[in-house]
Each structure stands twice: as C-alpha cells, then as structure tokens.
Amino acid sequence: MKRLMLGNAAAARGLYEAGCCVVSSYPGTPSTEITEEAAKYDEIYAEWAPNEKVAMETAFGASLAGKRSFCGMKHVGLNVAADPLFTVSYTGINAGMVIAVADDPGMHSSQNEQDSRHYAASAKIPMLEPSDSGESYAFAKLAYEISEQFDTPVLLKMCTRVAHSQSVVETGDRVEPPVRPYEKNIAKYVMMPGNAIRRHPVVEERTRKLTEYAETSPLNRAEEGSDHSLGIVTSSTCYQYVKEVCGDTYPVLKLGMIWPMPVRKIRDFAASVEKLVVVEELDGFIEEHCRNLGLDPIGKDLFPLEGEFSQNLIAEKLGVPVHGGPTLQENIPARPPVMCAGCPHRGMFYTLSKNKVTVLGDIGCYTLGAVAPLAAIEMTLCMGASISATHGFNKALGKDSEGRTVAVIGDSTFMHSGMTGLANIAYNQSNSTVIILDNSITGMTGHQQNPTTGYNIKGDPAGKIDLEALCRAMGFERVRVVDPYDLAACDRAIKEELAAEEPSVIISRRPCALLKYVKHKAPLVVDADKCKSCKNCMKVGCPAISMKGGRAAIDNTLCVGCGVCMQLCHFGALKEGE
C-alpha cells in the first residue's frame, strides 16, 4: 500500500515491519514522533524512559534477551547515551538493535548544531542516513539485517527536514523473526578490561567487513550525468537539493551508508569526473574521508559549516542559475517565540525578574523565560545543568551569591538529569535554592508523559514519582509548593527560601495551559475608563495583552483568565470575565 508519510512515521513503520518488539526513547525534537508512532502498534512495547542513557540500556537489554529493539533521541541526547553507545559497540548484540539519532541543522529547537556522524566513526558503529520518508522506512528495516549480520547496533541518522517532511512510502506486512535464544557469554558481554581488550580487535575487523559491504551495498549508488566536468558526492537532504538544482546534469554519488564509507567506490567515482564536489550540511565529514583517500575535493571551502542548506544556496555555490520565487511586498514584523498565554511559568519568572534574582536555567519550553520582557534566565547549557551550575556558582562566590541565585528546571528535565545535581547540593551542602517548574507534562516536545505524571506513553496509569517526597528523601528539609498564578505566594516563597541558611526546593506547580483536561476561566475584560495606560500589565509578556488606542486590550482568543496580569493592575482596570 502506498501512503504519504512523515519521515519519522515511516521510520516507525519500518521498525514495525522488521519485527521490532521493544522501543525505549526519550522525547527530543526532531526525533519524538518515531516513538510516538511506534507506540501505536500493539505488537511493539513502547515507553518513554527518564533519559537517553536509560533508553539505550533498555534497548540493549531487550536485544540481549533476543528481541529486536530500538531507541530514539535527538543529537544532544546521544551525548547522554554516549557511555553505553561506545561499549555496546564492543559487546555487539544478540537480536538486532537500531538507534535513531536526529540532528537539527539550523537549530530549530536545539542548543547546538553538532554532527552525529562523528559518533558513528568514533564509536565504530555503522550509520545509515536516509534522504526522504521512503528511505527512512527502508533503511529502518535494513538496519536490523545489518545489525544481526555484523553483530552490531546500527545508527539511523535522521535530520529535521527528513524527520518532518512527507513523501510516498510503499508499506508491507510485519515479519517478526524468531526470538534469538539468550546464551551466557561472559567474554562477550562482561566488559571488564580483560574481556574488553579482546573485543577491540573484533570491532576493528567488523569495520573492515562493513567497509567492504559499503562497496557493493545499494545504500550507496552512483547516478549518471551528462556533464562529467563535475561530480557530486552527497547524502541526506543535500542529495534532494542537488537533484532539484542540477537534475541529471552532473553525476552524483549518493551515500546512504554514511559510516563506514566505501573506498573503491568513491575513488572510482572521482576518477570518472574532472572535479569532485562534496555537498554536506555541518561538518566536512565526507570531505575528510575523501581527503584521507588522497583525493582533492571541493567542500567546506565553498559550502558553509553552519546552518541548513537550501536549493538556492547550492545553486549559488555551484554557479547554477538561482530560480527566483514570489516575494512579499511588505516586511513582516519579527515574531520572537514567547511563552503561551496562561503559561504557568510566567508568574514565577516575573517574580524572579522583579526581585533581580540570578537565574540559571535549563532545557525546556520554560527556557523562553530568557526572552524579553521577562529576561529572567541568564544561563542555559544542557539538560540538568541548572542545578549543578547553581551549586558551583554558589560554591565559588559563597554568601555573595547564595541569597540571590536560583536554579529553574522542569519536571521532566529534573527526572532526566536533575536528580544527580540535587543530590550533589544535598551531599556537598551549598546553600542553593532550586525551583522545579512542574507543569505536569513534557511540554517542549509536544506533551509527552514522564515519571512524574502518573501515565505511560499510551496514557494508561503508571508509576508516579512524588517530587516532594523525593526531594525530602535526598536530604532537603525545606521543600514547599506554590501556585505560580499567585504572585504574592511566589514572591514570599522566593524571598524566604533565598534568606534561609540551608538548601531548599520550591515546586512551582500548575498544569500546562495547553493540556486538554485543563479548564480555563473566561477571558479577562478591560474597563477602559479605569486604565491609566501605565503598561504594568505588559511586564509579564503575555501575548494575550496589547495596547490599543492607548489602553490595555485583551485578545479573547488567547486569554485563559489566569489573572496574573490582573494582579499587576493597581487601578482595577482588569477584571474577570463572565
């Protein structure tokens, strides 16, 4: 059956048809939908793990038991899972194991543009790189065959444009292979030094065999062109852009297996053209391989190292006429991202900003607390870093910072990697205040459940972690819960906890305003006669509030009646609606 499918949905379909039985992932844009789609198949056990390391170890355990498994993550998530990644390369697998990693060129929803291909080379694990939904489907299926043939996990490298674009996929039926019996093998699976040192040569020999496989695999194909003055080596979305720009003018070597790459195939292709050009986003990964083969390609001296490519960029760099498109006659004003109307984090960030508190932030939709007019967050590094960095900040400056510095972290991020940082504060005793922004969901990636919500990936009841009890069990005597819609309560909590002479935790609890079960009040109304145009209500940065005709105005399509702005109006101009 032919279907129009999202790249991530196509990859999930490939997992399903290949007989994958266990899926464990942590949500991360642009990888999230692979696991969400996989969870729709009853034959697959799917779960959200607390973090990517746990997810990869879970997938390995399922593979060890003899069932095909999968774990998915975004590129920075692979950093978290790097510990098991490098060693599972040594142990190998039992049943097939596929690891999807989705890069984000252009940083649409990420804090960096790292290139995951380096992980494949460094960990010595094969990586397949699809260029559309059809290949996402086919490569996911083939990855299991490669995994079991070569006794290795296989990386499936997605990227934003492949993951979130649609193309036609011809699907088939699920074929679940027999369970591979688990056999005790201490020399293979117990990676203490004496065993690991014997596994390293196995990995190197496997890489040699995979390189030979890459020479003849249909994953890597040469496409003929009419003009051999130029030959292009490319992969992923860049392949699509090259074909759109150049058509069949120049020969193209399309690499679907991006590690290990073929040797003879690339040399033969280079010999067939006068000039070799490598078109790839981010780092010169293919280019470096070509140079190691003694070739002299044109690559990053022509194409940029940063950002997403486009058809126009490639046309410009290759000297091909750029096709002009329709242009707008007017400049559209910029629309910077802001927290949603009624976002429960807004009241807490307003209070922190008002009190001139130094706020070290974390990864989540609440990172928007750094945006004007709140401009509260002053640092965001990686998952969990807010707590650890606050501890270090306070240890470095002592009383000069302890009474005016806090960490803010979301409930899902806290479960991901915040707990160890909190344990460090309790153990090494810095007088630090941590604010857990509990909005009862994983908000930034599209409302996935997490261990604090009480529901699993399918929405069924699941184990629920009690944040207050957990913090107290970790050694915190001062743990309090506030409603971020109550500005006076937030102000009181922040001042009291910063003044305390011991570590403390504030849990700012209010469900995300976009959750379907959250019941909102009627939009607020403005009494224009009482409005003094002081713009105090604008200080919270709510998109539902604007100034029209010199008076405050409420957008009824956005306002959820949270009342935060109403608490800032000293003239009674903002009132609850009917």
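All values reported here derive from a predicted model rather than from experimental measurement. All values below were derived from every heavy atom in this structure, side-chain atoms included, with hydrogens, water molecules and symmetry-related copies excluded.
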**Message:** Applying side chain to side chain contact (heavy atoms under 4.5 Å, CB included) to Glu223 and Tyr250, what does each step give before you reach the verdict?
**Reply:** CA-CA 9 Å; Glu223 299 178 358; Tyr250 302 117; over 6 Å; no
**Item:** Intermediate values then yes/no, side-chain hydrogen bond (donor to acceptor under 3.5 Å, both in side chains), His416 and Asn450
**Value:** CA-CA 9 Å; His416 178 285; Asn450 68 64; over 6 Å; no
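With His228 contributing its side chain and Pro251 its backbone, the two residues share no donor-acceptor pair below 3.5 Å. Using modelled atom types, no side-chain atom of Thr211 and backbone atom of Pro262 make a donor-acceptor pair closer than 3.5 Å. Checked by atom type and distance alone, the side chain of Thr171 pairs as donor or acceptor with a backbone atom of Met1 at under 3.5 Å. A donor-acceptor pair under 3.5 Å is formed between the side chain of Glu281 and the backbone N or O of Phe309. In this structure a side-chain-to-backbone donor-acceptor pair under 3.5 Å is present from His75 to Asn112.
Classification of Glu170 and Arg13 as a salt-bridged pair fails, no side-chain N sitting under 4.0 Å from a carboxylate O. Taking 4.0 Å as the cut-off between side-chain N and carboxylate O, Glu308 and Arg161 count as a salt-bridged pair. Salt bridge annotation for Glu287-Arg291: present, with a cationic side-chain nitrogen under 4.0 angstrom from a carboxylate oxygen. Between Glu204 and Arg208 there is no salt bridge, since none of the side-chain N atoms of the basic residue sits less than 4.0 Å from a carboxylate O of the acidic one. Salt bridge annotation for Lys53-Glu57: present, with a cationic side-chain nitrogen under 4.0 angstrom from a carboxylate oxygen. Between Glu212 and Lys209 there is no salt bridge, since no side-chain N of the basic residue sits under 4.0 Å from a carboxylate O of the acidic one. Lys74 and Asp103 are not joined by a salt bridge, as no carboxylate oxygen comes within less than 4.0 angstrom of a charged side-chain nitrogen.
In plain terms, the two heavy atoms of Lys188 and Met191 that are nearest each other are O-CE, 3.2 Å. Closest heavy-atom contact between Pro105 and Cys159: CD-CB, 4.3 Å. Summarising the geometry of Ile258 relative to Phe285, their closest heavy-atom pair is O-CE2, 3.5 Å, with the distance given to 0.1 Å.
Screening Glu280, Glu129, Glu135 for a salt bridge (Lys or Arg N to Asp or Glu O under 4.0 Å) involving Lys157 leaves a single residue, Glu129.
When only modelled atom types and interatomic distance are considered, Asn195 and Tyr189 share no side-chain donor-acceptor pair under 3.5 Å. Side-chain atoms of Asp227 and Ser229 form a donor-acceptor pair, as typed in the model, at a separation below 3.5 Å. Side-chain atoms of Tyr26 and Ser412 include a donor-acceptor pair closer than 3.5 Å.
The side-chain heavy atoms of Phe393 and Met379, taken from C-beta on, include no pair separated by under 4.5 Å. Side chains of Val202 and Asp151 form no contact here, defined as non-hydrogen atoms less than 4.5 Å apart. For the pair Val162/Ser236, a side-chain contact is recorded, criterion being any heavy-atom separation below 4.5 Å from C-beta on. When side chains are defined from C-beta on, Tyr119 does not count as touching Trp259, because their heavy atoms never get closer than 4.5 Å. Side-chain contact between Asp132 and Gln240: present, with at least one pair of heavy atoms (C-beta onward) separated by less than 4.5 Å. A heavy-atom distance below 4.5 Å is found between the side chains of Lys265 and Leu253.
Aromatic ring centres of Tyr41 and Tyr16: separated by under 6.0 Å.
For the atom pair CG (Asp248) and CD (Glu224), the distance works out to 9.5 Å, reported to the nearest 0.5 Å. A distance of 12.0 Å separates CG in Leu255 from CG in Leu128, rounded to the nearest 0.5 Å.
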